[in-house]
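So the structure is just underneath, and the comments pick up after that.
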Amino acid sequence: MEFSLDYREGRRVKLEVPAGQVILPAISAEPAEAGSSLTESISMSIGTAPLISLAESAKSIVFIVEDHTRHSPVLETLDLLRKLFESRGISWDKVSLLIATGTHRQMKPEELQEKFGVFSSDTRIVQHKAEETAKMKDFGEFLEVPIQVNEAIEADLTVGIGSIVPHRFSGWSGGAKIVLPGVASYESVFKSHRMAILKSKADVGVFENEFRELIDETGSRVGLDFIINFYYDINGSTAGTVAGNHVLALRKGVELARKQLLRQYRERTDVTVISSFPSVTDFWQCGKALYTSDLITKDGGDIVMVSSLDEGFGDHPLFASLLKLEANEILEKLDMITTEDPLAYVAAYAVRKVLQKKKVHIVSDTKFAEKFDELGLRVNPDIQSVVDRLICPGKSVSVLQNSLVLPEITTEEV
């Protein structure tokens with residue numbers, strides 16, 4: 001049986017697995033209804049007045065947008081919004097863009113040009129820096145997490161533009177997640193993620209959880225007036241858009257996204273092959289694929305993760321070294337944290353929990369292969385040879401073409 005997995009934009013890798021060893025979804029996702037277009041969703045906004053009506057009375061407008069590690073159609077959205085504004089006599093001069101970098105690195109000039117096109121030069125842009133505490137505004141505390149957000153968020157109209165996909169810490173992305181962690185202080189990002197792994201029911205695809213409560217509360221406190229969120233089909237193409245109130249529109253979006261991405265299995269498999277696409281920037285980002293494949297892989301089983309890993313381990317060098325420790329050791333250090341990068345401990349703990357239960361094999365052409373090999377995370381250049389080595393007779397295999405897929409076990413093994 002032949003499979004095709006996403007690797008980079010416009011590039012896929014092929015894999016053949018004996019049909020008798022492949023476990024396919026036992027229950028297909030519900031038939032997905034046709035999604036609303038961007039134009040339709042903006043005009044039909046859920047739970048609030050239409051965006052154009054809100055923009056007409058606003059003297060200042062901030063669009064919070066994703067950075068280079070995310071893939072929503074921001075440029076197309078801004079193009080449409082400017083045309084709509086012009087048709088109603090709304091000046092674009094009162095618009096600024098706040099880039100939700102979270103704790104990621106700053107975008108380079110060429111990345112700004114690629115993602116935002118002409119808006120990178122003719123619209124005021126603020127790149128969020130989580131470490132700049134002096135530029136954060138305090139909105140109190142919730143669930144013992146300080147809510148500190150970039151002061152640039154303040155405007156007569158604040159709009160978040162992002163995506164709805166399954167997520168390990170918040171269950172699903174989207175909504176006010178563009179604010180926390182998107183434009184929050186480092187302390188807020190760290191403490192919210194720490195809470196998510198220690199005190200929350202959050203997991204991939206689990207919508208009701210404490211981290212989501214914190215995110216929604218943050219959106220309400222800071223005055224997130226409107227969201228435009230995209231959701232995707234199993235191939236990564238935009239399936240539809242929701243817009244409106246950051247809580248109500250998100251819930252509708254998750255319902256629609258789940259219908260697109262859910263794949264139900266009756267049992268876990270010995271080997272799971274998954275592409276981390278579209279989260280391919282670095283190992284920090286492609287952890288999404290590990291959390292997803294963890295849901296469907298037997299303990300003691302193997303995960304084969306395909307990822308381009310263009311930037312190796314990414315912006316958090318401490319994260320890589322922490323992966324040498326056991327999860328309980330990381331947790332002990334987390335409780336006594338004095339490090340310069342405590343968030344690295346949270347991410348390392350979550351990844352190490354997977355690595356201790358499953359054997360992970362990386363397939364990539366990354367130039368950072370030696371650094372992964374040093375940590376015992378062997379990088380293999382060819383997916384077929386890795387899978388052939390692992391699937392001895394009697395072993396079952398599942399294949400997830402990208403990290404957007406949401407696998408769910410309907411009947412656990414006895």
Side-chain angles (χ1 to χ4, degrees), residues 1 3 5 15-27 166 168-169 197-198 201-206 263-276 279 283-284 286-307 309 319-320 322-332 346-364 372-380 382-403 405-414:
M1 183 175 290
F3 295 91
L5 292 88
L15 172 67
E16 289 190 10
V17 183
Q21 292 180 264
V22 176
I23 302 295
L24 296 173
I27 304 174
R168 163 65 179 85
F169 293 101
I197 65 170
L198 299 180
K201 296 184 291 293
D203 205 345
V204 180
V206 178
R263 295 296 182 269
Q264 295 179 311
Y265 293 78
R266 297 194 189 280
E267 61 181 289
R268 299 179 188 276
T269 52
D270 298 298
V271 179
T272 299
V273 184
I274 186 170
S275 165
S276 76
S279 301
F283 197 63
W284 181 285
C286 76
K288 296 178 177 65
L290 297 183
Y291 307 140
T292 296
S293 52
D294 185 38
L295 299 175
I296 195 175
T297 312
K298 294 177 182 177
D299 285 352
D302 294 273
I303 296 172
V304 180
M305 186 187 72
V306 178
S307 183
L309 294 168
F319 166 66
L322 287 171
L323 293 176
K324 300 175 183 178
L325 304 177
E326 296 298 308
N328 65 318
E329 295 177 298
I330 298 172
L331 193 59
E332 288 173 4
V346 175
Y349 174 77
V351 170
R352 200 70 183 90
K353 291 275 286 186
V354 179
L355 296 178
Q356 287 178 193
K357 294 184 293 182
K358 280 90 178 181
K359 296 182 286 293
V360 173
H361 313 263
I362 299 172
V363 176
S364 179
F372 285 91
D373 290 344
E374 289 172 6
L375 294 175
L377 293 167
R378 183 182 174 190
V379 175
N380 305 270
D382 175 58
I383 187 173
Q384 190 66 57
S385 60
V386 176
V387 175
D388 288 346
R389 185 175 74 247
L390 296 175
I391 55 169
C392 55
K395 283 199 171 184
S396 57
V397 183
S398 58
V399 181
L400 308 182
Q401 70 188 62
N402 55 48
S403 63
V405 181
L406 176 60
E408 181 178 89
I409 305 300
T410 57
T411 306
E412 287 284 359
E413 299 166 306
V414 179

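Just so it is clear, the structure is predicted and the values come from calculations on it, not from any experiment.
Val387 pairs in a side-chain contact (heavy atoms from CB on, under 4.5 Å) with only one of the listed residues (Asp302, Val273, Val399), which is Val273. Residue Val304 forms a side-chain contact (heavy atoms from CB on, under 4.5 Å) with just one option from Ile274, Val360, Leu390, and that option is Leu390.
No donor-acceptor pair under 3.5 Å is formed between the side chain of Glu16 and the backbone N or O of Met1. Judged purely by atom type and a 3.5 angstrom limit, Ser403 has no side-chain atom pairing as donor or acceptor with the backbone of Ala289.
The two residues Asp270 and Ser396 have their closest heavy-atom pair at OD2-N, 2.8 Å. Pairing each heavy atom of Lys358 with each of Asp299, the nearest pair is NZ-OD1, 3.0 Å. Closest heavy-atom contact between Thr292 and Pro407: CG2-CD, 3.5 Å. Between Gly205 and Leu406 the shortest heavy-atom distance is CA-CD1, 4.0 Å. Closest approach of Arg263 to Val405, counting heavy atoms only: CG-CG1, 4.0 Å. Shown here for Leu322 and Ala348, the closest heavy-atom pair between the two residues is CB-CB, 3.6 Å.
Interatomic distance, CG of Leu331 versus CG of Leu198, reported as 5.5 Å (0.5 Å rounding). Between the CD atom in Gln21 and the CD1 atom in Ile391 there is a gap of 5.0 Å [rounded to 0.5 Å]. Rounding to the nearest 0.5 Å places OH of Tyr265 at 11.5 Å from CG of Leu295. Rounded to the nearest 0.5 angstrom, Glu408 CD and Arg266 CZ are separated by 12.0 Å. Atoms SG and OH, on Cys286 and Tyr291 in that order, are 9.5 Å from each other to the nearest 0.5 Å.
In this structure, a donor-acceptor pair under 3.5 Å is absent between the side chains of Asn402 and Ser275. For the residue pair Thr272 and Thr269, a side-chain donor N or O sits within less than 3.5 Å of a side-chain acceptor on the partner. In this model, a donor atom of one side chain and an acceptor atom of the other lie less than 3.5 Å apart for Ser385 and Asp382. With hydrogens and angles left out, the side-chain atoms of His361 and Asn380 include no donor and acceptor closer than 3.5 Å.
The closest side-chain heavy-atom distance from Val351 to Trp284 is not below 4.5 Å. Looking at heavy atoms from C-beta onward, Met305 lies in side-chain contact with Leu290 at the 4.5 angstrom threshold. In this structure, Glu374 and Phe372 have side chains that are not in contact, with every pair of non-hydrogen atoms separated by 4.5 Å or more. Contact annotation: the side chain of Glu267 never approaches that of Ile409 to less than 4.5 Å [non-hydrogen atoms, C-beta and beyond]. At least one side-chain heavy atom of Ile362 sits less than 4.5 Å from a side-chain heavy atom of Leu309. Side-chain atoms of Thr297 and Arg268, non-hydrogen and from C-beta on, never get closer than 4.5 Å to each other. By the 4.5 Å heavy-atom criterion applied to side chains, Pro25 and Gln264 are not counted as neighbours. Using a 4.5 Å heavy-atom threshold, the side chains of Leu15 and Gln384 count as touching.
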>> side chain to side chain contact (heavy atoms under 4.5 Å, CB included), that's the test. Do Val346 and Phe169 meet it? Break it down for me.
In response: CA-CA 11 Å; Val346 175; Phe169 293 101; 4.2 Å; yes
> Going through the distances and angles, do Val22 and Phe3 end up as a side chain to side chain contact (heavy atoms under 4.5 Å, CB included)?
Replying inline: CA-CA 11 Å; Val22 176; Phe3 295 91; 3.7 Å; yes
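Electrostatic pairing of Arg352 and Glu326 counts as a salt bridge here, judged by a charged N lying under 4.0 Å from a carboxylate O. Under the 4.0 Å criterion applied to side-chain N and carboxylate O atoms, Asp373 and Arg378 are not assigned as salt-bridge partners.
Under the rule for a salt bridge (Lys or Arg N to Asp or Glu O under 4.0 Å), Lys359 has no partner lying at least two apart in sequence or in another chain.
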